[in-house]
Q: 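Below you will find the structure I want to go over with you.
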Amino acid sequence: MTTTLMSGTPWRTRFAPSPTGAMHLGNARTAILNWLIARQSQGTFCVRLEDTDQERSSFASEASILSALDWMGLTPQEPVRRQSTRLERYKDTALKLWEKGLAYPCFCTEADLQQDRKTAAAKGMPPRYSRRCAALQPEEVREKINAGIPFTLRFKVADAPEGIHFRDLLKGDMDIPTQAFGDFVILRSNGWPSYNLAVVVDDLDMHINLVVRGEDHLTNTARQILLYRALDATPPYFAHHGLLVDQEHKKLSKRAGAKSLPQLMAAGIHPLALVHYLAGLSGAIKGKGIVYSMDDLVQRFNPMRLGRGNAVFLDEDLENINHTYWHKLPAHDLLPHIQGLESLGRPWQDMPDKHKENLIAIVQQNATGAHSFTSLLATLLTDEVTYSLEAVRVLTRPKNQKVIQVLCQILAANTADRNQPLPLQEIDALLTQTGTMAGVKGKDLYFPLRMALMGSSEGPEIKGLFHVLPLSNVLSRLEKAREFAPD
RNA sequence: GUCCCCAUCGUCUAGCUCGGUCCAGGACACCAGAUUUUCAUUCUGGGUACAGGGGUUCAAAUCCCCUUGGGGACGCCA
């Protein structure tokens, strides 16, 4: 039987970012796909930090990437690995390849190579390594080494068969000619491994059986397959997904305004919305509506439907799906992600979670993101209503004052505990009664009440307000609104 | 420059493997109506796509070729 992403193999996948900056959307999507495929197949999702570039790697980036993964709910199922702790292992492997005659030392300097590339470009040739040092005689090599000239180890590509064939689990049969690249470096002159070597050694040692990454790695895959062969090892399966592009179908870039994960978090995106959108961009999420948890997402994920081409990322679409999530997720799942709550002060902080969730549930349909809550909640927590110009206009009309006055009378006669909100079942009757007595209905009834209670034309459902505001608070708001009455 | 990948509504895509059931289906977005005694929510309806050109065939979104467009790779970066 042909192996597919869904043929039952528990996939051991990995997400292997280099900690050289904040996590970007493309990275995030790769991470999500790896996580999803592992989870869906009852496999394992691993994370590995590829920090072999000493100049560009930073601890801050590591922390940022790891926290972004955590935020998205993509928890690694094994301890995070770090390549910089395994330098000896890579070096040994490179040396072994040299001994076997599959690699050779290269003494070319940075300047030499740059010159070569320039010359090649001028001739319209691909900028590949000239293989100058492959021609060195053993004595020459020994001399140079004894003279202390620094060298790298290059893998002998030309010795490989014509093309490299592999079956990509997403793209199908793939043939990459070895002419696509020159003899590549596996060990740098400072003793650190190159990307391709480190990846192969680690994927082997970690028993990764499926590599999911962007199609920009297609030629790296060919190089890595060569390394697997040189090490007498079986390569894992590969699945290359398309890249994320912007509206103009250009690669997503910071310059073009693409946001990083920390920026998206700060912008008030709910993690489930982001994960759903990014996973859905490949067409692999079945059904409509939001997902309520990562497990839910796994249920609806079908890796066989992963698209083959590039995917267009639209801020607008993310915004839309984000709104939907803030509207529909239970308040319980919203609370941990709401930002700026501390500015609400004591009354909020002292409140039990259950009560907080009730308030959130009332305002969430008007929320647009993680920090749209504070202002909405603030209007519920205070007695001080801020009236908009529109509110003032509405409240100064006698007809509208009548409505408020009537409601005040009705509430004043109510014997319920003033420190509690009114019971749900009473609210309907109460509003109907107000309407009847004031001789209004529909918008004429609700609009003045909305303005009086919230000071603005937008806000939670009126009935909901009565359900969360203590009766005393409702009364004081109404009293205040009555001050707009014309003399 | 050389090589590789991709090409269906605005977006993500179904269909392409085994050509007819596709004057191309769905979702999101958009527009219009309806419901909810308010905004929101919800419901119903609507418009919009097979990149272009050649073949093959009784028949092509589906197979072949070319063109165009887009993306990627070619580092002592990953």
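Each chain gets a letter, A, B and so on, in the order the sequences are listed, and its residues count up from 1.
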Q: How long is the line joining CZ of A:Arg117 and P of B:C76, in whole Å?
A: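 To the nearest whole Å, that distance equals 5 Å.
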
Q: Which whole-number value in Å describes the distance from A:Leu197 CG to B:C76 C1'?
A: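 Computing the A:Leu197:CG to B:C76:C1' distance gives 13 Å.
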
Q: Considering only side-chain heavy atoms of A:Val185, which listed nucleotide, B:G75, B:G70, B:A78, is closest?
A: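 The closest nucleotide is B:G75.
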
Q: Are the ring of A:Phe181 and the base ring of B:C74 both nearer than 5.5 Å at their centres and tilted by less than 30°?
A: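 It does not: the two rings, one from A:Phe181 and one from B:C74, miss the stacking criterion.
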
Q: Can you work out whether A:Tyr446 or A:Glu50 has the more 5'-proximal nearest nucleotide on RNA chain B?
A: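 Its nearest nucleotide lies further toward 5', so the answer is A:Tyr446.
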
Q: Could you give the distance separating B:A49 and B:A7 at their C1' atoms, to the nearest angstrom?
A: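 Result for the C1' pair: 12 Å, nearest Å.
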
Q: Could you check whether A:His217 gets within reach of a base, just the sugar-phosphate, or nothing at all, counting any heavy atom under 4.0 Å?
A: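 Base contact - A:His217 has a heavy atom under 4.0 Å of at least one base atom.
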
Q: Looking at side-chain heavy atoms only, is the closest gap between A:Asn310 and A:Leu244 below 4.5 Å?
A: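 They are not in contact (no side-chain heavy atoms under 4.5 Å apart), so the answer is no.
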
Q: Could you give the distance separating B:C16 and B:U62 at their C1' atoms, to the nearest angstrom?
A: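 It comes out at 4 Å once rounded to the nearest Å.
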
Q: Establish whether the base of B:A78 is bridged to the side chain of A:Asn220 by a donor-acceptor pair shorter than 3.5 Å.
A: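 It does, because a donor-acceptor pair links the side chain of A:Asn220 to the base of B:A78 below 3.5 Å.
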
Q: Write down the distance separating the P atoms in B:C63 and B:U21, rounded off to the nearest Å.
A: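 15 Å, rounded to whole Å.
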
Q: On the nucleotide B:A78, are OP1 or OP2 found under 4.0 Å from the side-chain N or O atoms that A:Arg188 carries?
A: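 So the side-chain polar atoms of A:Arg188 do come within 4.0 Å of the phosphate oxygens OP1 or OP2 of B:A78, strictly under.
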
Q: Do NZ/NE/NH1/NH2 and the carboxylate oxygens of A:Arg132 and A:Asp116 come within less than 4.0 Å?
A: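 Yes, this pair counts.
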
Q: With heavy atoms under 4.0 Å as the rule, sort A:Gln114 into base, sugar-phosphate or nothing.
A: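 Here A:Gln114 touches no strand at all.
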
Q: Tell me whether the rings of A:Trp326 and A:His270 are parallel (<30°), tilted (30 to 60°) or perpendicular (>60°).
A: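 Geometry flag for A:His270 against A:Trp326: perpendicular rings.
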
Q: Starting the side chain at C-beta, find the nucleotide from B:C74, B:A78, B:C5 nearest to A:Pro127.
A: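 Looking only at side-chain atoms, A:Pro127 lies closest to B:C74.
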
Q: I need the single residue from A:Arg223, A:Arg131, A:Lys156 that forms a salt bridge (charged side-chain N to carboxylate O under 4.0 Å, His left out) with A:Asp183. Which is it?
A: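 So, applying the salt bridge (charged side-chain N to carboxylate O under 4.0 Å, His left out) to A:Asp183 and each of A:Arg223, A:Arg131, A:Lys156, only A:Arg131 qualifies.
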
Q: Nearest to the side chain of A:Asn320 - B:A73, B:A29, B:A78?
A: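 Closest of the options to the side chain of A:Asn320: B:A29.
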
Q: Would you say A:Asp202 and A:Tyr90 are linked by a side-chain donor-acceptor pair, where the criterion is simply a distance under 3.5 Å?
A: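 Yes, because at least one side-chain N or O of A:Tyr90 sits under 3.5 Å from a partner of the opposite role on A:Asp202.
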
Q: Under a 3.5 Å cut-off for both distances, is B:U57 Watson-Crick or wobble paired, and to whom?
A: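 Matched B:U57 with nothing under the 3.5 Å cut-off.
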
Q: In terms of side-chain heavy atoms of A:Leu243, which of B:C4, B:G71, B:C76 is nearest?
A: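 The listed nucleotide nearest to A:Leu243's side chain is B:G71.
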
Q: For the P atoms, the ones on B:G72 and on B:C30, what distance do you get once it is rounded to whole angstrom?
A: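 Taking atom P in both B:G72 and B:C30, they lie 30 Å apart.
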
Q: Take atom CD of A:Gln247 and atom P of B:A29, then tell me their distance rounded to the nearest Å.
A: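 Rounded to the whole Å, the gap is 17 Å.
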
Q: Looking at B:U2, B:A78, B:G72, which one has an atom nearest to any side-chain atom of A:Arg128?
A: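 Nucleotide nearest to A:Arg128's side chain: B:U2.
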
Q: Scan A:Cys106 against the nucleic acid and name what it touches under 4.0 Å (heavy atoms): base, sugar-phosphate only, or nothing.
A: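 Result for A:Cys106 = nothing.
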
Q: When rounded to the nearest Å, what value does the distance between P atoms of B:G10 and B:C4 take?
A: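 Nearest-Å result for B:G10 against B:C4 at atom P: 31 Å.
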
Q: Strictly by Watson-Crick or wobble contacts shorter than 3.5 Å, is anything paired with B:C30, and which nucleotide is it?
A: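 Pairing partner, where one exists within any strand: B:G46.
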
Q: Using both distances under 3.5 Å as the test, list the Watson-Crick or G-U wobble partner of B:A7, or none.
A: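 Because both required distances fall under 3.5 Å, B:A7 counts as paired with B:U68.
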
Q: Work out how far the P atom of B:U35 is from that of B:C50, and round it to whole angstrom.
A: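 Approximately 37 Å lies between the P atom of B:U35 and that of B:C50.
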
Q: From B:A78, B:C76, B:C5, pick the nucleotide closest to the side chain of A:Lys171?
A: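 Closest of the options to the side chain of A:Lys171: B:C5.
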
Q: Does A:Arg154 count as lying over the ring of A:Tyr129, i.e. NZ or CZ under 6.0 Å from the six-ring centre, within 45 degrees of the axis?
A: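 Yes, a cation-pi geometry.
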
Q: Within the pair A:Thr52 and B:A78, is there a side-chain N or O less than 4.0 Å away from OP1 or OP2?
A: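 For B:A78, OP1 or OP2 has a side-chain N or O of A:Thr52 closer than 4.0 Å.
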
Q: Which one, B:C39, B:C3, B:C76, comes nearest to the side chain of A:Leu113?
A: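 Out of B:C39, B:C3, B:C76, the nucleotide with an atom closest to A:Leu113's side chain is B:C76.
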
Q: Is there a donor and acceptor pair, one atom on the side chain of A:Ser189 and one on the base of B:C76, closer than 3.5 Å?
A: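 Checked by distance alone, the answer is yes.
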
Q: Under 4.0 Å, heavy atoms only, any strand: does A:Gly280 hit a base, just the sugar-phosphate, or nothing?
A: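 Sugar-phosphate contact only.
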
Q: Please report the distance separating the P of B:G70 from the corresponding atom of B:G75, rounded so that it comes out in whole Å.
A: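 The answer is 24 Å between these two P atoms.
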
Q: Do A:Ser58 and A:Ser61 have a side chain donor and acceptor closer than 3.5 Å?
A: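 Yes, a side-chain donor-acceptor pair sits under 3.5 Å.
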
Q: Report the nucleotide, chosen from B:U11, B:C77, B:C76, that has the shortest atom-to-atom distance to any side-chain atom of A:Thr152.
A: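 Minimum distance to the A:Thr152 side chain belongs to B:C76.
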
Q: Go through A:Arg89 and A:Asp92 one step at a time and tell me if the salt bridge (Lys or Arg N to Asp or Glu O under 4.0 Å) criterion holds.
A: CA-CA 5 Å; A:Arg89 174 89 175 99; A:Asp92 288 349; over 6 Å; no

Q: Side chain of A:Lys328: nearest nucleotide among B:A78, B:C5, B:U42?
A: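 Selected nucleotide (nearest to the side chain): B:U42.
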
Q: Between A:Arg154 and A:Lys251, name the one whose nearest nucleotide on RNA chain B is closer to the 5' end.
A: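 Of the two residues, A:Lys251 wins.
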
Q: Closest to the A:Asn310 side chain: B:C74, B:G71, B:A78?
A: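 Closest nucleotide to the A:Asn310 side chain: B:G71.
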
Q: Rounded to whole angstrom, note down the P distance from B:G1 over to B:A51.
A: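 It works out to 25 Å between them.
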
